[in-house]
Structure formats: structure tokens, C-alpha cells
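What follows is one structure encoded as C-alpha cells, with my remarks underneath.
Bear in mind the structure is a predicted one, so any value in this text is a computation, not a measurement. Order of listing sets the numbers, starting from 1, for every ligand and every atom in it.
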Amino acid sequence: MKLNKHKPAQLTEMEFGGILGATCIPVFLPLTVLYLLSVCRTPSGALLQWPPPLPHPAFLWDPLAAVIITGWIGLQSALYQFPVGRVSEGLALRDGTRLKYQINGFHALCMTAMLLGLCVSLGMPLGYLFDLILPLAVCAICVSYLLALYLYIGSFWAPAHALALGGNTGNPLYDFFIGRELNPRIGSFDLKFFCELRPGLIGWVVLNMAMMMKEVELRDSPSLAMLLVNGFQLLYVMDALWNEEAVLTTMDIVHDGFGFMLAFGDLAWVPFTYGLQAMFLVVHPRSLSPPTVIGIILLNGLGYYIFRKSNSQKNQFRRDPNHRSVAHLETIATATGKRLLVSGWWGFVRHPNYLGDILMALAWSLPCGFSHILPYFYVIYFSILLVHREARDERQCRAKYGIAWDNYCRRVPYRIIPYIY
Ligand code: NDP
């Protein structure tokens, strides 16, 4: 496609169900978050109940929740701007420039943990977040709407080359949903990069911790199931922040505009649905036998190993294909000059990192037993998300690499699960 510096490229191809999806998803998903949280707190914990456990409107709003959410985003913004860590460059943009990013997410996590530890030791009742969960979610949803609105309006002041190729259809509903601008910034503060891994991801483990404190309040000590869920998910978040630089090469940063989809996903969906298992365990305690615990730990370990090794291998290859850890791998050339790995993890299946992620997601649900479907919400939703994401990535790679991608698909026929899918 020919790009004009002054006139943005108009794309008519739409994803996520087009205008219908862009209209329904921003209504349906926030309601889903609130419904899941409400179900989690009912004694039956059944997803389908009659009458449905709709929260009374009075329980949806609490000024304290608004203070907590604003304070939390303010704290994470301050930690993001703290001059520690290193500065890294993103991939080259369409105009050939590269943006600089402050890589200090792991510091932010450690600082948050220290501050939280201090507050708890001074008597802050962290477990109260369990009682406040619905108003907190409502405030996070409102923030994501407001942010998306700001991003949409602000994008009309951005130069054409700063717009995402896919967020520029001219349909306001769709463009609001998918995001017009690729890397919106206020000065050097990168809004998308900040939201990807900070308030939501760190917020998720803080909420998990709060659920554990609530369990201690109710039953004097944390259960093994709760410790597993907290430990596994903390490991995942620590890993993401430790490898924060890797996010600079992901589809979210490189390809997708910043609109409602990512803002809501980062700020509301991740923190309030990814840790549903911990909340479920507060109301529905489970005891686990030692062999079950060992089995679940092994499954999470296997998933983590596949996830980390495959992601690191590709990142290393993309940053320096001659590095000794990847130089021996077999590759195929593409017309763009970039090469594709066809041996190692990326010769096993076309998305080994997704396979590892799904195995971990399953291990996070198993501590909750098999009596309810609710704790399996994450693994079910996440598998659907990754299958859809794989299809999107496949389309983009075919457009980028053409015949070389077809060759790769012939050499590595399975997408995520060997011999199955
Ligand atoms: P990937 O890291 O899987 O990257 C896909 C890109 O990798 C392709 O577009 C292509 O880009 C490159 N690539 C594909 N095949 C090859 C190959 N054979 N050799 C070299 N490069 C190749 O993308 P995602 O951003 O989807 O995932 C990153 C991680 O984040 C995954 O582990 C995923 O599970 C996780 N994730 C987690 C989510 C969550 O909510 N917990 C949500 C989404 C993702 P190019 O050639 O241009 O470099």
C-alpha cells in the first residue's frame, strides 16, 4: 500500500466482527467482568443461576474505589517515570524512526511490593479489596472508556504516519474500538507501553494478594490452593516485567493501535478476570492432596519452560540472528530480508509460546478442583483468544512474507498443539 505523509491510509478490512463487534464488545465485555465477579462471590458459584446474581446498583459504586483506582494509576505512572533501569529502542516505525522506552517494570513491581508490605505492616486491611471488588472494577472500566475516548480524539492531531494501519477505517465506532494511533504519547510518556504491563498486570497480583489476606481473615491461614494460584500468577507477572523489553516486538506494540480494545483489556479485563481463581477460592475453599499439588506444579513448570524458552529464542533471533544461542538454527529466507526459524522451538509448532501459555493457564485453574466451570473461565477464554490471535498473526505474516510463509507452514504444519492443531 502506498502511504502518503499527509493523508492517512484508509483500510476497509475490519477485524473482531467489524462494526457489529466494535459496537457489541465494549458493552458486552464490561458486563461480563461484573457478572463473573458477582458469580464468584455467590455460594453456588454457578455461571448459570436463576435468578442471575445481578449486583444491586448501590454495590457498584463506592468513592473509596475511585480514590484507590486513581491513586493506583498515579503511583504506577510515577514509578514508570522513575529514572531507573535502562532505555531501550522499539522496532523501526514506518517513517524509519525508533521510539525510546524506559524499561523499569520490574523495579516498579519491587517498589510496589515494598510499599504494599509497609502499608500492610502498618495495619492497612488489604483483604478489604475483596469486599470492594465490584466498585473497583466499575472504576477501572470507566477509566478505560475515558482513556479510549481521549485516545480517539487525540489521534486526530497525530501525523498520518503515526496512525496504525488497521485503525483507520473512517468508521468512528470501529476506530474508537480498535485504536487509531499506534504509539500515543504525552511527552515521553508512552501510554500504550505503560498500560500494557503496569497498572493492570501489577494490579492483578495485588488483587490476588488481597484475596489471600481475605482468606486468612476468614480461615486463619492461606490454603495450599490459594498459595499455588498466587505463586503461579506472580511468577507469570514477574516474568513479563523482567522481560519487559520483549513487549516492544509484540503485535500489540508493533501493529495494533491504542483504542478501547487494548485500554479495556489492560486496565479492566486482565486485573479483574485473570485472577478469578483466587477470588473463587475465598468463597469456595479447596483442599489438595500432595500428589495433586506436585502434578499441578509440574504442569505449570512445563508450560513456563516452553513459554519462556520459545519466546526468548525468537526475541534473541530477531535482535541478533548471529548470536551463538540461535546461530545454529535452520532458517528460511523471505523477500523482506528477515529470516524465519524452521528448527528449534519454532520448528516444533508455529506458536510454541502459545502452547506454553495455555498449559500454564490450565495449571492456574486446577487448584480449584472440578466442581465449577468458573475457575476455568481464564483457560477457556485464553485458548479462544490465542487461536484467534494466531489466525490474525498468520494473516499478517502471509501478507508480509508471502511464499516464504507458505513454505514455513509446509515445513511446520501444526499451529499450536503438535499433531492436533
Ligand atoms: P509472538 O511472540 O508469537 O510473535 C509473532 C511474530 O513472531 C510474528 O508476527 C512474526 O513477526 C514472528 N515469527 C513468527 N514465526 C516466526 C518464525 N518461525 N521465526 C521467526 N519469527 C517468527 O506474538 P504475541 O505477541 O502474540 O505473543 C507474545 C507472548 O505473549 C506469547 O507467549 C503469548 O502467549 C503471550 N500473550 C499473552 C497474553 C495474555 O493475555 N496473557 C495475550 C497475548 C499474548 P516478525 O517476523 O515480524 O518478527
Side-chain angles (χ1 to χ4, degrees), residues 90-92 192 195-197 200-201 204-205 232-233 235-237 239-241 243-256 261-262 264-275 303-321 326 329-362 364 377-379 381-402 404-416:
L91 297 183
K192 183 164 68 169
C195 287
E196 275 283 297
L197 295 185
L201 217 61
W204 166 22
V205 288
F232 291 161
Q233 298 188 350
L235 171 73
Y236 190 74
V237 170
D239 177 276
L241 291 165
N243 296 289
E244 188 180 18
E245 208 170 7
V247 88
L248 298 179
T249 58
T250 61
M251 215 195 293
D252 290 4
I253 296 288
V254 177
H255 176 267
D256 293 341
M261 183 182 74
L262 279 181
F264 170 78
D266 292 342
L267 301 179
W269 186 257
V270 168
F272 291 96
T273 66
Y274 281 25
Y304 180 69
Y305 181 77
I306 298 175
F307 162 85
R308 175 67 5 250
K309 284 287 182 187
S310 55
N311 273 323
S312 297
Q313 190 169 73
K314 178 170 66 70
N315 289 337
Q316 186 57 62
F317 181 72
R318 277 289 172 249
R319 290 203 170 263
D320 176 11
V326 288
L329 294 172
E330 197 186 338
T331 60
I332 47 177
T334 75
T336 65
K338 271 182 169 180
R339 303 185 75 84
L340 289 168
L341 289 164
V342 279
S343 73
W345 287 104
W346 297 79
F348 176 51
V349 284
R350 298 209 289 274
H351 268 289
N353 49 354
Y354 291 2
L355 174 64
D357 231 333
I358 291 172
L359 291 179
M360 280 190 286
L362 181 61
W364 301 351
F377 172 80
Y378 174 71
V379 61
Y381 140 79
F382 194 52
S383 304
I384 296 170
L385 175 127
L386 290 183
V387 165
H388 177 249
R389 198 171 168 94
E390 194 278 335
R392 287 181 79 208
D393 190 50
E394 182 103 356
R395 256 200 320 277
Q396 286 162 22
C397 286
R398 182 155 289 114
K400 257 189 295 190
Y401 301 127
W405 185 258
D406 293 332
N407 285 341
Y408 174 53
C409 294
R410 265 195 298 277
R411 289 281 302 267
V412 185
Y414 293 101
R415 296 160 193 264
I416 301 179

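N315 is listed as a side-chain neighbour of T249, based on a closest heavy-atom distance under 4.5 Å. With a 4.5 Å cut-off on side-chain heavy atoms, E394 and C409 count as touching. Counting only heavy atoms from C-beta outward, the side chains of W345 and N311 never approach each other to under 4.5 Å. Taking 4.5 Å as the limit, some side-chain heavy atom of H351 sits within range of a side-chain heavy atom of D393. Within the 4.5 Å cutoff, the side chain of Y304 has no heavy atoms near those of the F232 side chain. Counting only heavy atoms from C-beta outward, the side chains of I416 and V349 never approach each other to under 4.5 Å. Counting heavy atoms from C-beta on, the side chains of F317 and R339 come closer than 4.5 Å.
Between Y236 and Y274, the gap from one ring centroid to the other reaches at least 6.0 Å. Here the two rings, on F382 and W364, have centers that are 6.0 Å apart or farther.
Of the protein's non-hydrogen atoms, the one nearest atom 16 (C) of ligand 1 is L340 CD2, 3.8 Å. Atom 3 (O) of ligand 1 has its closest protein heavy atom at N353 ND2, 2.9 Å. In terms of protein heavy-atom proximity, atom 39 (C) of ligand 1 is nearest to F382 CE1, 3.3 Å. Distance from atom 32 (O) of ligand 1 to its nearest protein heavy atom, with residue and atom name: N311 ND2, 2.9 Å. Among protein heavy atoms, the minimum distance from atom 19 (N) of ligand 1 is reached at L341 N, 2.9 Å. In terms of protein heavy atoms, atom 42 (C) of ligand 1 is closest to L385 CD2, 3.9 Å. Closest protein heavy atom to atom 11 (O) of ligand 1: K400 NZ, 3.5 Å.
Between R392 and D256 a salt bridge is recorded (basic side-chain N to carboxylate O distance below 4.0 Å).
Close approach of ligand 1 to T250 (heavy-atom distance below 4.0 Å) involves ligand atoms 25 (O). Listed by atom number, the atoms of ligand 1 under 4.0 Å from Y408 heavy atoms are 18 (N). The D357 neighbourhood of ligand 1 comprises atoms 32 (O), 33 (C), 34 (O), 35 (C), 36 (N), 37 (C), with distances under 4.0 Å to a heavy atom of that residue. Residue contact check: Y236 has heavy atoms under 4.0 Å from atoms 37 (C), 41 (N) of ligand 1. Taking a cut-off of under 4.0 Å to the non-hydrogen atoms of R318, the atoms of ligand 1 that pass are 20 (C), 21 (N), 45 (P), 46 (O), 48 (O). With ligand atoms numbered from 1 in the order given, ligand 1 contributes 8 (C), 9 (O), 10 (C) to contacts under 4.0 Å with heavy atoms of C397. The distance from ligand 1 to the heavy atoms of F307 drops below 4.0 Å at these ligand atoms: 32 (O).
Which of F317, Y274, Y378 comes nearest to atom 40 (O) of ligand 1 through a heavy atom is settled by distance: it is Y274. The residue from E394, R395, R389 that puts a heavy atom closest to atom 24 (P) of ligand 1 is R389. Among Q313, H351, H255, K314, the residue whose heavy atom lies closest to atom 2 (O) of ligand 1 is K314. When Y354, W405, Y401 are checked for heavy-atom proximity to atom 45 (P) of ligand 1, Y401 turns out nearest.
Contact annotation for atom 30 (O) of ligand 1: protein absent (non-hydrogen atoms, distance under 4.0 Å).
Scanning for salt bridge (charged side-chain N to carboxylate O under 4.0 Å, His left out) contacts around D320 gives an empty result, with sequence neighbours left out.
Interatomic distance, CG of L235 versus CZ of R308, reported as 10.0 Å (0.5 Å rounding).
Remark: the backbone N or O of W405 is not paired with any side-chain donor or acceptor of R398 at under 3.5 angstrom. Although no hydrogens or angles enter the test, the distance criterion places no donor-acceptor pair under 3.5 Å between the side chain of S343 and the main chain of G347.
Heavy atoms of Y381 come nearer than 4.0 angstrom to ligand 1 in no pair at all. Assignment of R350 to the shell around ligand 1 is not supported, since no heavy atom sits closer than 4.0 Å.
Residue D393 touches ligand 1 through its side chain alone, judged by heavy-atom distances below 4.0 Å. Neither the backbone nor the side chain of T331 has a heavy atom within less than 4.0 Å of ligand 1.
Considering backbone and side-chain atoms alike, L386 places every N or O at 3.5 Å or more from each N or O of ligand 1.
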